[in-house]
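Just so we're clear, the structure is a prediction, and the values are computed from it rather than from any experiment. Along the sequence shown, residues are numbered consecutively beginning with 1.
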Amino acid sequence: INEIQSKEQSLVLKFIDLPSGHTGIAQKTLYTLNDDQKQSFMTYDFMKMYVNGNSPYITSQQTDIELFLKFGLAEDYYEIAQPIYTGWDEEEGRNSFKIDLNWLTALKQSDTTKIKKFNPKDIIQDSANVRKYLYTDNEGRLTGKRVTVSGIPALNRLQYFSVGVKNIGEGPIEGEVWLDELRLSGVKKEKGVAMRVQSSLKLSDLGSATFIYSKQDADYHRLQERLSKSNNTSENLNLTGKIDLHRFLPRSLGISIPINGSFIQNQSRPKFFSGQDILVDPENAPDSIMILSNTISLNTSIKKTGKSDNKLLKYTIDNMSFNFSASQSRSSDVTYQEKWSESYTGKFGYNLSFDRNNYFKPLSWASNIPYIGEEASALQLFYTPTSFKTDVNMSEKLTWNQTRTGVKSPETYNFGLTRTMNLDYKFTNTLTTKYSWSGVSNLNEYRGYIFTALKELDPGTVTQMTESVNTNYNPGIMKWLKP
């Protein structure tokens, strides 16, 4: 419009006396690409490039020059090659490159019948590690354009781009080929969804339940992010419930029996196959590429919440507590076909606290003695301990896993017993003693016979024992310094 001429900026491949069957190549090596740059190649639909041919050995009908575009990692690469005709060939469009990247990546799928053909007469050739797609015209004749897939290339694992010319004639040739605007176009407008649903149910003071479901697509990203940070679609389900069984018992018993249960299930599905650019079918994704896990757990406890008037119950059952928990977990991932873990824990506790007024004053009569009478009359001798506490904890755990190759690991099993006892005694106002004992035992020999171990009161093989006594004396000589 303004009749202003601008410079044509192109990559020029100039060749002189290029022998028949030989090639000339220009290559760009991608030394360092961050994760966003690697992934960006997979967020477009097309790769485009315009080509101008200038050589006495090419016309609008015949050509001795073939141009190829090659990109990949080592011997894993894509290559697109086609004949080049004179000029830009705008009418026929034979010089331009417009590569459908979705079609290109799908060209690697094992079932060739599912590969889209631009012409029903196009040819697909397979060899040990190379697949070729040969273009034909309406009459079934080869056009010279072809796509080659060598190894297992991926658009997110590119190390180099190279372009080159090849002499497909019978004698040496010379000329120039201009390459314009190699670029990506057609940004994929895929919707990413993140959602979270939560629902709660409460049955008065009898129990409650909670349902939580969340999902995040692989394409979901925040507004300030250009690309998604994750390549996986994740789904999570969490069910928890609680019921208070003691609500069915008379309140006068003063017993608490809550039962808690949960079910957690997680699933993570990659958008692409690992290390590849092939899309995973969401409806038919193999377990071998997914991360699956589910966990079921249950725990309960029994204890008295009220105090009994009966002295026997007051010093026995009122101070006892029982706890039990169980969980099972199963998972699988790319490496392991199955990972299994189950654990069970039972605990008995007894905690008795004595009255703080269980003492007498043996020198209460000495209050009138000068200087020391007041101190002496305040002396307290305690005839019961401050507290007594003991716990017995049994735990059982089993884990094993099996790889995708069918190798099953040895089972890891542990059945242990932990016992503790603590006694606190306050002899006087200034003299206190704390005694503690703990023991750890191995009960693996009772695997499957836990009730036999309980019946025989066998602690198993003691592996560790600890005992300590701490005594503190605080005479209060400097108490007159207190404000």
Side-chain angles (χ1 to χ4, degrees), residues 11 13 15 18-30 38 41-42 44-51 53 58 63-85 89 93-137 140-169 177 179 182-184 272-273 275-279:
L11 173 65
L13 299 178
F15 44 94
L18 183 66
S20 175
H22 284 63
T23 60
I25 299 175
Q27 177 170 302
K28 178 177 178 60
T29 302
L30 309 175
K38 292 177 181 178
F41 289 98
M42 304 173 71
Y44 292 89
D45 290 323
F46 300 99
M47 182 182 292
K48 293 182 178 181
M49 183 172 66
Y50 300 97
V51 181
I58 58 176
T63 179
D64 289 342
I65 300 175
E66 179 183 86
L67 180 72
F68 61 87
L69 173 64
K70 181 178 176 181
F71 47 94
L73 173 65
E75 295 303 314
D76 296 329
Y77 60 83
Y78 296 108
E79 184 182 75
I80 299 91
Q82 63 187 43
I84 297 301
Y85 298 90
D89 195 45
R94 292 170 295 179
N95 283 4
S96 62
F97 282 69
K98 185 178 181 181
I99 307 163
D100 187 335
L101 297 178
N102 297 318
W103 175 85
L104 184 66
T105 58
L107 192 60
K108 296 181 293 185
Q109 58 185 318
S110 57
D111 188 355
T112 57
T113 60
K114 294 183 178 179
I115 297 175
K116 173 188 173 183
K117 288 187 176 182
F118 298 99
N119 188 319
K121 297 180 181 180
D122 288 351
I123 301 171
I124 298 176
Q125 294 180 345
D126 254 335
S127 62
N129 201 36
V130 177
R131 175 171 291 178
K132 293 184 178 182
Y133 185 94
L134 309 178
Y135 289 79
T136 60
D137 58 20
R141 294 174 299 188
L142 295 175
T143 63
K145 183 178 179 179
R146 67 184 181 277
V147 176
T148 303
V149 179
S150 174
I152 310 177
L155 294 178
N156 56 356
R157 292 189 297 116
L158 299 182
Q159 188 183 54
Y160 62 85
F161 274 88
S162 63
V163 291
V165 292
K166 181 178 180 180
N167 183 352
I168 56 177
V177 173
L179 308 180
L182 174 60
R183 68 186 189 276
L184 298 169
F272 300 94
F273 285 92
Q276 302 184 40
D277 50 13
I278 301 177
L279 284 169

> How about F68 and T148: do any of their side-chain heavy atoms sit closer than 4.5 Å?
Replying inline: no
> So, N119 side chain and D137 main chain: donor-acceptor pair closer than 3.5 Å or not?
Replying inline: yes
>> Could you check whether any side-chain heavy atom of L184 comes within less than 4.5 Å of a side-chain heavy atom of L101, counting everything from C-beta outward?
In response: yes
> Which value, rounded to the nearest 0.5 Å, describes the distance between I65 atom CD1 and I168 atom CD1?
Replying inline: 8.5 Å
>> Does L107 form a side-chain contact (heavy atoms from CB on, under 4.5 Å) with Y78? I'd like the steps, not just the answer.
In response: CA-CA 10 Å; L107 192 60; Y78 296 108; over 6 Å; no
>> I need the M47 CE to L104 CG distance, nearest 0.5 Å.
In response: 8.0 Å
> Which value, rounded to the nearest 0.5 Å, describes the distance between L179 atom CG and M49 atom CE?
Replying inline: 5.0 Å
>> Using side-chain contact (heavy atoms from CB on, under 4.5 Å), reason through Q159 and L30 one step at a time and then give a plain yes or no.
In response: CA-CA 5 Å; Q159 188 183 54; L30 309 175; 5.8 Å; no
> Taking all non-hydrogen atoms of both residues, which atom of W103 and which atom of K116 are closest, and how far apart?
Replying inline: NE1-O, 2.8 Å
>> Rounded at 0.5 Å granularity, tell me how far CG in D126 sits from NZ in K132.
In response: 11.5 Å
> For Y133 and K117, which heavy atoms make the closest approach, and how far apart are they?
Replying inline: OH-CA, 3.2 Å
> Is there a side-chain contact between R131 and T112, using heavy atoms and a 4.5 Å cut-off?
Replying inline: yes
> Counting distance only, does the side-chain N/O of T63 pair as donor-acceptor with the main-chain N or O of I84 below 3.5 Å?
Replying inline: yes
> Can you name the nearest heavy-atom pair linking H22 to L18, along with the distance?
Replying inline: O-CD2, 3.8 Å
>> Please verify the inter-ring angle class for Y135 with F118; under 30° counts as parallel, over 60° as perpendicular, anything in between as tilted.
In response: parallel
> Any idea which heavy atoms bring A154 and D277 closest together, and the distance?
Replying inline: CA-OD2, 3.2 Å
> Going by heavy atoms in the side chains, are Q109 and I278 under 4.5 Å from each other?
Replying inline: no
> CD of E75: more than 12 outside heavy atoms within 6.0 angstrom?
Replying inline: no
> Checking side chain to side chain donor-acceptor pair (under 3.5 Å) for the pair D122/T136: CA distance, chi angles, key distance, verdict?
Replying inline: CA-CA 5 Å; D122 288 351; T136 60; 2.9 Å; yes
> Would a 4.5 Å heavy-atom cut-off, applied to side chains only, mark I99 and F46 as touching?
Replying inline: no
>> So does Y85 get a backbone contact from the side chain of N95, meaning a donor-acceptor N/O pair under 3.5 Å?
In response: yes
> Is K28 atom NZ crowded by more than 12 heavy atoms from other residues, nucleotides or ligands, each under 6.0 Å away?
Replying inline: no
> Once you round to the nearest 0.5 Å, how far does CE of M42 lie from CG of L155?
Replying inline: 6.0 Å
> What are the two closest heavy atoms between D76 and G151, and how far apart are they?
Replying inline: OD1-CA, 3.3 Å
>> Let me confirm one number: the NZ-NZ distance from K98 to K48, rounded to the nearest 0.5 Å.
In response: 4.5 Å
> Is the number of heavy atoms from other residues, nucleotides or ligands under 6.0 Å of I152 CD1 greater than 12?
Replying inline: no
> Pick one: which of R146, R94, K145 meets salt bridge (Lys or Arg N to Asp or Glu O under 4.0 Å) with E66?
Replying inline: R146
> After noting the C-alpha distance and the side-chain angles of L67 and L13, does the key distance pass the side-chain contact (heavy atoms from CB on, under 4.5 Å) rule?
Replying inline: CA-CA 10 Å; L67 180 72; L13 299 178; 4.1 Å; yes
> Any sub-3.5 Å donor-acceptor pair from S20's side-chain atoms to G169's backbone N or O?
Replying inline: yes
>> Other residues, nucleotides and ligands only: do more than 12 of their heavy atoms fall within 6.0 Å of NZ on K108?
In response: yes
>> Using the rule given for side-chain contact (heavy atoms from CB on, under 4.5 Å), can you reason through F71 versus I80, listing the C-alpha separation, both sets of side-chain angles and the distance that settles it, and then say yes or no?
In response: CA-CA 9 Å; F71 47 94; I80 299 91; 3.9 Å; yes
> Quick one: does T105's side chain get under 4.5 Å of L279's, heavy atoms only?
Replying inline: no
> If you look at every heavy atom in S162 and I25, which pair is closest and at what distance?
Replying inline: CB-CG2, 3.9 Å
